[in-house]
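Structure first, then comments.
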Amino acid sequence: MAGPAAASTGSQTGEGQKREGWSSRTAFVLAAVGAAVGLGNIWRFPTLAGENGGGAFVLFYIGCVALIGLPLVLSEVLIGRHGRSDAYGSAAKLAEDSGRSRAWGVFGGISILSAFLILTFYSVVAGWVIYYIGVMGSDFLGALFSGNPLAGALASENPQDIMARMTALFADVPLLLGMHTVFMLITIWIVARGVTDGIEKAATYMMPTFFVLLVLITVYSAFTGEFSQALTFLFTPDFSKLTPAIMNAALGQALFSMSLGSAALITYGSYVSKDTNLPPTTVMIGFADTTVAIIAGLMIFPIVFAVNLDVAAGPTLVFQSLPIAFHTMPGGSLVGLLFFILIFFAALTSSISLLEAVVAWAKTQLGWSRSFASWLIGGLIFLIGIACALSFNMWADVRLLSFWPLFADSNIFDTIDGVTGKIMLPVAAFLTAIFIGWRADKQVVAAETNLTGGMLVLWRFLIAWFAPIGVGAILLFGLFPQLLPGG
Ligand code: PHE
C-alpha cells in the first residue's frame, strides 16, 4: 500500500529524479528494526553487561535508551525524511532550510564514517556466526542420518570441547577470513540490489521469524539454566560499580544498538513517506531493540552460570554459551542450527544498513552508481576487516593507539570498536541533539514530528537539554576520568 502523498509537501522529489523509497510503513518499520536488532543485541550487549558487572550497567543502559536514545531516533529519522538525502546531505539540507550553515552536515559525515568503520569488525563477528551455522548444520545432518533428528547439539562432545571450538576458530586464519568474505559478499550483493528489491525484502522475510525463535529459546533457557542467578546478575544494581568508563560504555552501547550516530537511521528515514507518523514508529524501533537485548541477556546468562563460564569472558561469551545450551537441549541440534541462521539474518539486516548509509552518501555526493558504490565501498570495508580478523591471531599484539591510555591495551578489533562506540557515536549524537534542539527551525521540526502539546514539550526538553548535557558529560568524564573529583 504505497499511499499517494496527496497535496502534502510531496513525498516524491523536487529535483525530478526519482528517489528510492519504502513500499509501505511496515516495510520501513521492519527494515529499521532490522537495522537496530543485530549482533549489538545478541553479542555486544551480553558481552559488555558481563564485562561491566551486570545490574548497574544494564539499568544505566536502559536509562540511556529511554531518555537519550528514543528522542534521538525520532530526530534522526526526521532529519532524513526532511532532507531526502544521505546523512550528510540531509543534515545540511535541514540546516539550510533553517537558515543555518550547511556545515552542520558534518555530524552526518562523522556518522557515515562510523558506519564504515563499524562494518569492518561487525562483518568479522558475523563470520563467526556463519562458522557456527556450518558446525550446527553438519551436526544436524549427522543426527538426521543416524535416525536421531532430535538429538542435542554436538552430542558426542563435552562442554569443554564445545568451548574450545571458539579458540580453535580464532587460530584458524583462512577460516576466519573466509567467513568474513562470505558475509561481506552477501551484504554487498543485497545493498547493490536497492532499497525495495534488496534491503526491504531481506527484512520482511527475516525479522518476524527471528522474533518467534528468540522467544522459544529464551523460554527453554529459563527452564533449564540458572535463571534466577541471571536475573539477579542483570537487574540487581550495585551503583558503586558505576564508574564513568562504564557509563560511557553503556551510552555507547545504547547508541550502537539503536543504530544511532551512525547514519543508518537518517538514511532509512530519507526513504520514509511524508504520511508516516514518526513518533509511534520510532518508539516501536527503540522498544523492539531493547526488548531483544534484554531477552538475549536472559537467554545467555542462565547458561553462562549453569556451566560456570566467566561472565567477563568478553567477545567469546555468547559463542561459547549458546552451543552448550543447544547441547543439553532435546532437539538442540536442529534448534541450534535455526538459531544461528536467525542471528545471521539479524546481523545481515544490520550490516545492510551500515553499508547502505555509506553507499547512499557516495551515490548522492559523488554521483556513483549504486552498484559501483556498493562494490567499491564494500571492498574497502572488507580489506580493513581483514585487520580486525587478524586481531585474534597474527596481529594480536598490534596496538594502533598505544599512546592513548584508553586504547593502549586494545588490539585493532577492539580499537575500532572502542573508538566508534565510545567516541564517534556519542560525538555524533551530541551534535545531532544540539542541532535539532537549538539550530534547526522549530516549526519545520515540530511539523515533521507531528507532536503537539505536552509530548512536544517533553521531547524538546530531552533533545535540547537532557541529551546534550547527558551525552556531553558522559563523554567528557568517560574519556577524562581524572577531571572528576575523586577520579
Ligand atoms: N544496531 C546494530 C546492532 O545492534 C548495529 C548497527 C550500528 C547498525 C550502527 C547500523 C548502525 O547490531
Side-chain angles (χ1 to χ4, degrees), residues 30-49 61 64-65 69-70 72-73 76-77 80 86-87 107-108 110-129 183 187 190-191 199 202-203 206-207 210 214 249-270 282 285-297 315 318 342-361 377 381 416-429 432:
L30 287 173
V33 171
V37 173
L39 296 173
N41 309 64
I42 297 169
W43 160 72
R44 205 172 182 271
F45 175 77
T47 301
L48 288 177
Y61 169 86
C64 288
V65 165
L70 287 180
L72 274 171
V73 176
E76 290 203 4
V77 175
D86 63 291
F107 71 80
I110 299 177
S111 309
I112 294 166
L113 184 61
S114 299
F116 179 91
L117 290 173
I118 289 173
L119 189 49
T120 63
F121 69 83
Y122 203 85
S123 168
V124 171
V125 181
W128 306 345
V129 176
F183 188 77
T187 303
I190 294 176
V191 171
I199 301 174
M206 295 331 310
M207 291 320 290
F210 169 82
L214 183 69
L251 170 70
Q253 172 59 16
L255 299 175
F256 181 94
S257 190
M258 299 175 93
S259 300
L260 288 164
S262 45
L265 289 181
I266 302 186
T267 310
Y268 276 17
S270 76
T282 49
I285 298 168
F287 187 77
D289 186 67
T290 309
T291 313
V292 174
I294 304 284
I295 291 184
V318 171
L342 289 162
I343 302 189
F344 168 73
F345 285 118
L348 190 58
T349 48
S350 297
S351 65
I352 290 170
S353 73
L354 288 162
L355 184 57
E356 173 65 15
V358 193
V359 165
W361 166 80
I377 294 167
I381 292 174
I416 298 183
D417 180 13
V419 169
T420 48
K422 290 185 183 149
I423 302 173
M424 294 176 68
L425 302 187
V427 166
T432 309

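Every value quoted in this text rests on a predicted model; they were computed, and no experiment measured them. Order of listing sets the numbers, starting from 1, for every ligand and every atom in it.
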Which of the ligand 1 atoms, numbered from 1, are nearer than 4.0 Å to a heavy atom of [X]:
| X | value |
| --- | --- |
| Asn41 | 4 (O) |
| Ser353 | 8 (C), 10 (C) |
| Ser257 | 1 (N), 4 (O) |
| Ser262 | 9 (C), 11 (C) |
| Gly40 | 3 (C), 4 (O), 12 (O) |
| Leu39 | 12 (O) |

Just to confirm my output: which protein heavy-atom neighbour is closest to [atom], and how far is it?
| atom | answer |
| --- | --- |
| atom 4 (O) of ligand 1 | Ala36 O, 2.9 Å |
| atom 6 (C) of ligand 1 | Ser259 OG, 3.6 Å |
| atom 7 (C) of ligand 1 | Phe256 O, 3.3 Å |

Does [X] use its side chain to pair, donor to acceptor, with the backbone of [Y] at less than 3.5 Å?
| X | Y | value |
| --- | --- | --- |
| Ser259 | Ala35 | yes |
| Ser350 | Val37 | yes |
| Glu356 | Val191 | no |
| Asn41 | Ser257 | no |
| Gln253 | Gly421 | no |
| Ser123 | Leu119 | no |

TODO: Please state whether the rings of Phe121 and Trp43 are parallel, tilted or perpendicular, taking 30° and 60° as the class boundaries.
DONE: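 Correct class here is tilted.
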Task: Trp361 atom CH2: more than 12 heavy-atom contacts under 6.0 Å - done: no
Open item on the list: I'd like the name of whichever of Ala263, Gly34, Ala35 reaches closest to atom 2 (C) of ligand 1 through any heavy atom.
Closed with: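 The residue whose heavy atom sits nearest atom 2 (C) of ligand 1 is Ala35.
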Open item on the list: For Tyr122, state whether at least one heavy atom is located under 4.0 Å from any atom of ligand 1.
Closed with: yes
